[in-house]
Amino acid sequence: MPHIKTSYKFAILIASIIAAIALAAWYISSHPLAVLAPMGQIGEAQRNLIIVGALLSIIVVVPVFVMTIVIAYRYRESNGRAAYQPTWDHSPLFETIWWGIPCAIILALSIITWQSSHTLDPSRAIASNESPLAIQVVSLDWKWLFIYPAQHVASVNEVALPVGRPVTFSLTSDSVMNSFWIPQLGGQLYAMPGMSTTLHLIADQSGTYFGSPANITGKGFSGMDFTAKALDASDFSQWLATAGRSPHKLDLSAYTALAKPSQDNPTTYYYSSVEDGLYNLIVMKYMLPDISRVTQ
Amino acid sequence: MNNFMQMIFGRLQLTEAFPREPVTAFAAVGMIMTGFLVIGALTYFKKWRWLWKEWLTTTNHKRIGVMYLAVAGIMLVRGLADALMMRTQQATSVGSAHGIVSTDTFQQVFSAHGTIMIFFVAMGFMFGLINLILPLQIGSRDVAFPFMNATSFWLFTGGMILVNVSLMLGGFSSAGWLAYPPLSESQYSPGVGVDYWIWSLQIAGIGSLLSGVNFLVTILKMRCPGMTLMKMPMFVWSVFGAMTLVVFAFPILTATLAMLALDRTFGTHFFTSGGGGNAMMYVNLIWAWGHPEVYILVLPAFGVFSEVVATFSRKRLFGYTSMVVAIWLIVLLSFTVWLHHFFTMGAGADVNAVFGIATMLISIPTGVKIFNWLFTMYRGRIRFTSPMIWFLGFVFLFTLGGVAGVLMAVPAIDFQVHNSLFLVAHFHTMIISGVLFGYFAGLTYWFPKVFGFRLSEKIGRYAAWCWIVGFVVAFTPLYILGLMGATRRLDHYSASLGWQPLFIVAGIGVGIICVGVGLQVLQLLVSIILRARQGKPLNDPWDGRTLEWATTSPPPVYNFAIIPTVTSRDEFWEQKQTKRRPAKPMYQPIMLPKNTPAGLLIGMLAMAAAFGFVWHMWWLVVIGALSAIIVLIAQSARDEQETELSVETIARIEAGEKYA
Amino acid sequence: MNNEALILHEQTVHTKTNFGFWLYVMTDCILFASLFATYAALRGNTADGPSGQTLFDLPYVLAETLVLLTSSFTCGLAILATNRQHKTQAISWFAVTMVLGLSFLALEVNEFAHLAQIGAGWQRSGFLSAYFTLVGTHGLHIVVGLVWMTIMLYQLLQRGFTAGVRRRLSLLSIFWHFLDVIWIFIFSIVYLLGVLPS
């Protein structure tokens, strides 16, 4: 192996790092990242938090990086001119600085954390002039059922949202623990059997957004992505009408058939009517004693 | 006849249990053939007696340490193979293509990958290094309970074997490395996979718990005269903190695994969906163990860095008291943050905020440690040996990963990145650059002490660079993917998402890491083959500071013929500076723990009982457990567990006439 | 090794073993704490089945408690005899402790069998799973203690009061008293709180 001068090695290293960062930056600019380019108010607030948090962290990161490089270079063994103090091992001043400054940063972040945990609590209603739309979500094996209780329609793997109107999602599961996530609109929340959790989201722009399960549910987990369509008022009414014209009706027997395990379900599956109180029935059924499993 | 067969074999049906899928079957066959090769080699070279006497029945901490490292190293290769498989699958399984393995195999692979890396690689390297170095650093002859030490190792190995047996017989869990219910309950995971997971962790976990007790008693009761707590090397302090965590956290794991086992085997309702079970309770319990676990792994790695940085800067560790306080703050705080693993489970704003703030607090003592290391280097004389390269890689990567962690500590941010590849990238950053780089640095640093010759520095540096570069190439795409909305554990995704290029880059990164590992293996082989060239074993190859460097390389079986008396920190360094000469030695007879097969037997019998539990072979459970207990009782009842080494023998060993 | 070195060696072994055993007992506390926490979480999950109010028979539990507490007392007497190296007394008191321990177990097994018979077994509900596991784990520890006591009685008869035997007897008594303390928690948290209307 030919001997390469150390300074050349470092030059190559720095050049590679710059090239890599440039590549990543180019990639990110041409492929918008859902979490950093949200389409709804909640997602926006979350993205702003990420930016604030990252900036606060830079206060520590930059000094650490600079110090590491400078110290490593200056105090390398071959540099005889650098001071050598082998027994100097404490300094109240420096300790105060590097305990104090991180404490201050964390204090700032703590206040932000406390506030944002409350303002962005998933179960907190979104302030708006528009009345919220209620959608009930059931995680099944391996598809998502969306019930519109006020409109008496339902859909599988496709959820339509009216633009600019807050949506109250009630989440549950009729199988294992899952998580309901539309990255471009905002954060996720777990959907669990026997429980109903509440997630508020809002879409501020129309578009078709990617929806994802976010907690492993078994074999069909990968095929459980869904589509979230943010539609303006007239398109939304049309969507409801289309669903209302579906020949399928979600009564109890249809639901039982739907709940059977299936993978990679087709997305455009609508129901024109829904059994009254179906969602509550699904939640409550786990409250009963599990007699069938006693004999296992 | 049928009934009889069912009683003997439980629910095991040999023809069905062996894997069908080509990749898995190939791996299984490969493992079996390797096993035969090893047995064949031992027989051909007539090494069985040597193996039994020197390794299988040993109670010596140095031997046990080497065995831990060997198991951990082999499991690292297995874990990396899993990682390669996952990266390849995720790089190729797009749109109409479905990758190289089935969904079921993929899910087993990522579950096995996490389980093996945490429980058998990281814990293995940790216990290996602690075993090797802790007694030497405190001037003691062994750990507090040598027999229990051996038992811990064999329980650990029993768990490891069980995980690998699952590949060949019946399949592993598909429920992730933590097996959340309801997915891990028998209703949704009816096979043996989750049971293998439960029982291999249960026996390995008991081994870990016993080690925790063992090392705590060692530190607190066996330090040499003059070594007050505040004179201990920082590595010892870090082990003290980590073992305290072990002792508090592992019983929670034992209880939780037992309850899940009861649910699966006997139909109880701890975590089931109906019947009054509460799956959220499992999530709380498992993370109440799980979070301290990651600090258990990283604290000794931090301890290694403290030793490495001080030695290779030829300078005292900066801020000793501050570092000690930082360790204990980390220990304390690590028990207050577990909920940050499930902010998205809906605990409410107040609870989420409190745990988020607690999580952020841990970054303070961690940051303090980094500054103290940097200031140890400041005004020192730094030698850039490969341990220092590992350390520098750690500083850069761990800081960035820590930023990601602080961001995720804000619950509202976590809602957008929980369970995504952003999370996966974060924890890999912490574990690889923190835990793994730390233990790699420790291995390189202490290798000459343990084996009497150095590892090739040149190859070591190349390996470190491969790991650092490979890590960046492998995990930066994952951070980006997470922010693009990619969740973890997907074995297939649609082409329109535009994720594939990033997955391909990540795959290349893992390839670079594999080159790094290949170099590490090469480094080992080359160093072994060329070791004669290094001449006489150097007791103190790095100009070290702490007591382990005062012994020969490798140390004699009893470590110190005369137990040293210590008057300061970095005692060995001070001795060298003042050229203190110890008085002419007056040897006393030394008591050494005897070899015993009991540890091996207990470990293997426990493994057999666990195997029986998995397959409902109740006779095996009863016989295995009872036999293990009988062996334990018989061993404990032995009054003569030590042999005496005479003064003459000691004198001869010290004079170099006799190898010990 | 000379006498002085032997005594020092034994002292070191005793210190380490004692401290190590206390550490182990602490880990066992954490194990029980996890089971207590689970019990607390699942206390109300009766799945339309029987609750503690219906099932728990306080007088019966009082009998169990008195038996176990007395066995702790007799264990203490046995250790006092050990310290004074009165072999017959020590063996007798340990034997009484064992009989009391076995009686406790018999009462507990009887209670469990009765519950299982009336359809309140551990598969019935989360509450019952947690109850049986918490109390049952304690019972398993009692079994371990009794087995250990049997072995120690055997060693005492065979070897007399050697240093090793005395050391192990003191560890055994720590273990036995620890189980008593755990029982007091069970008595209070499970049974006393359990019969209160939830």
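Computation of the quantities below employed the complete heavy-atom set of this structure, encompassing side-chain atoms and omitting hydrogens, waters and symmetry-equivalent molecules. Quantities reported herein were computed from a predicted structural model and do not represent experimental measurements. Order of the sequence lines sets the chain letters (A, B, ...), proteins ahead of strands, with each chain counted from 1.
Note: His492(B) leads Met408(B), Glu185(B), Met388(B), His492(B) in heavy-atom pairs under 4.5 Å with chain A. If you tally non-hydrogen atom pairs under 4.5 Å between each of Ala191(A), Ser123(A), Gly43(A), Ala72(A) and chain B, the highest count goes to Ala72(A). Interface summary for chain B: among Leu120(A), Thr197(A), Val61(A), Thr68(A), the most heavy-atom pairs under 4.5 angstrom belong to Thr68(A). The residue among Ile28(A), Ile42(A), Val176(A) with the most heavy atom pairs within less than 4.5 Å of chain B is Val176(A). In terms of heavy-atom pairs under 4.5 angstrom with chain B, the leader among Ala34(A), Pro86(A), Ala20(A) is Pro86(A). The most heavy-atom pairs under 4.5 Å with chain A, out of Asp414(B), Thr476(B), Leu502(B), Val505(B), come from Leu502(B). For chain B, the option among Pro102(A), Ser110(A), Gly53(A) with the highest count of heavy-atom pairs below 4.5 Å is Ser110(A).
In this structure the side chain of Phe422(B) never reaches within 4.5 angstrom of the side chain of Val35(A), judged on heavy atoms. With contacts defined as side-chain heavy-atom distances shorter than 4.5 Å, the pair Trp88(A)/Lys315(B) qualifies. The shortest distance between side-chain heavy atoms of Pro122(A) and Phe415(B) falls below 4.5 Å. A heavy-atom distance below 4.5 Å is found between the side chains of Pro193(A) and Pro182(B). Side-chain atoms of Met195(A) and Met280(B), non-hydrogen and from C-beta on, do get closer than 4.5 Å to each other. Here the side chains of His90(A) and Tyr320(B) are not in contact, with every heavy-atom distance at 4.5 Å or above.
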_Walk me through whether Val395(B) and Val64(A) qualify under side chain to side chain contact (heavy atoms under 4.5 Å, CB included)._
CA-CA 8 Å; Val395(B) 171; Val64(A) 168; 3.9 Å; yes
*In sequence, state the C-alpha distance, the side-chain angles, and the governing distance for Asn419(B) and Trp181(A), and then conclude on side chain to side chain contact (heavy atoms under 4.5 Å, CB included).*
CA-CA 10 Å; Asn419(B) 265 357; Trp181(A) 190 27; over 6 Å; no
_Using side chain to side chain contact (heavy atoms under 4.5 Å, CB included), reason through Val283(B) and Met177(A) one step at a time and then give a plain yes or no._
CA-CA 11 Å; Val283(B) 176; Met177(A) 211 185 268; 4.0 Å; yes
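Residue contact with chain A, scored on non-hydrogen atoms closer than 4.5 Å, is absent for Trp373(B). Of the atoms belonging to Ile480(B), heavy atoms from both backbone and side chain fall under 4.5 Å from chain A. Residue Phe391(B): no heavy atom, backbone or side chain, is found under 4.5 Å from chain A. Of the atoms belonging to Phe384(B), it is side-chain heavy atoms, and not backbone ones, that fall under 4.5 Å from chain A. Using a 4.5 Å cut-off between heavy atoms, Ile362(B) does not touch chain A at all. In this structure, chain A has a heavy atom under 4.5 Å from the side chain of Thr103(B), while its backbone stays farther away. Using a 4.5 Å cut-off between heavy atoms, Val368(B) touches chain A through backbone and side chain atoms alike. For a residue to count as touching a neighbouring chain, one of its non-hydrogen atoms must lie under 4.5 Å from one of that chain's; by this rule Pro477(B) does not touch chain A. The contact between Leu317(B) and chain A is made entirely by backbone atoms, counting heavy-atom distances below 4.5 Å. When heavy atoms are compared at a cutoff of 4.5 Å, Leu392(B) approaches chain A solely by way of its side chain, counted from C-beta outward.
In this structure, Tyr84(A) contributes its side chain and Arg314(B) its backbone to a donor-acceptor pair below 3.5 Å. Between the side chain of Gln107(B) and the backbone N or O of Gly218(A) there is at least one donor-acceptor pair closer than 3.5 Å. In this structure, Asp89(A) contributes its side chain and Arg316(B) its backbone to no donor-acceptor pair below 3.5 Å. Formation of a donor-acceptor pair under 3.5 Å by the Gln46(A) side chain with backbone atoms of Ala412(B) is found in this model.
Separating the CZ atom in Phe221(A) from the CZ atom in Arg488(B) is a distance of 9.0 Å, to the nearest 0.5 Å. We find the CD1-OG distance between Ile71(A) and Ser313(B) to be 9.5 Å, quoted to the nearest 0.5 Å. Between the CE atom in Met192(A) and the OG atom in Ser273(B) there is a gap of 11.5 Å [rounded to 0.5 Å]. In this structure, OH on Tyr75(A) lies 11.0 Å from CZ on Arg381(B), to the nearest 0.5 angstrom. The CZ atom of Phe342(B) lies 12.5 Å from the CG atom of Asn215(A); values are rounded to the nearest 0.5 Å. Rounding to the nearest 0.5 Å gives a distance of 10.0 Å between CD1 of Ile357(B) and CG of Leu109(A).
A donor atom on one side chain and an acceptor atom on the other are not found under 3.5 Å apart for Thr344(B) and Gln188(A). No side-chain donor-acceptor contact under 3.5 Å links Ser117(A) and Asn352(B). In this model, a donor atom of one side chain and an acceptor atom of the other lie less than 3.5 Å apart for His118(A) and Asp350(B).
Between Phe371(B) and Trp99(A), the gap from one ring centroid to the other reaches at least 6.0 Å. In this structure, the ring of Trp499(B) has its center no less than 6.0 angstrom from the ring center of Tyr27(A). Aromatic pair His418(B)/Tyr190(A): ring centres closer than 6.0 Å.
Within the structure, ring-ring contact (aromatic ring centres under 6.0 Å, His included) pairs that include any residue of residues 42-67 of chain A comprise Phe65(A)-Phe396(B) (at least two apart or interchain).
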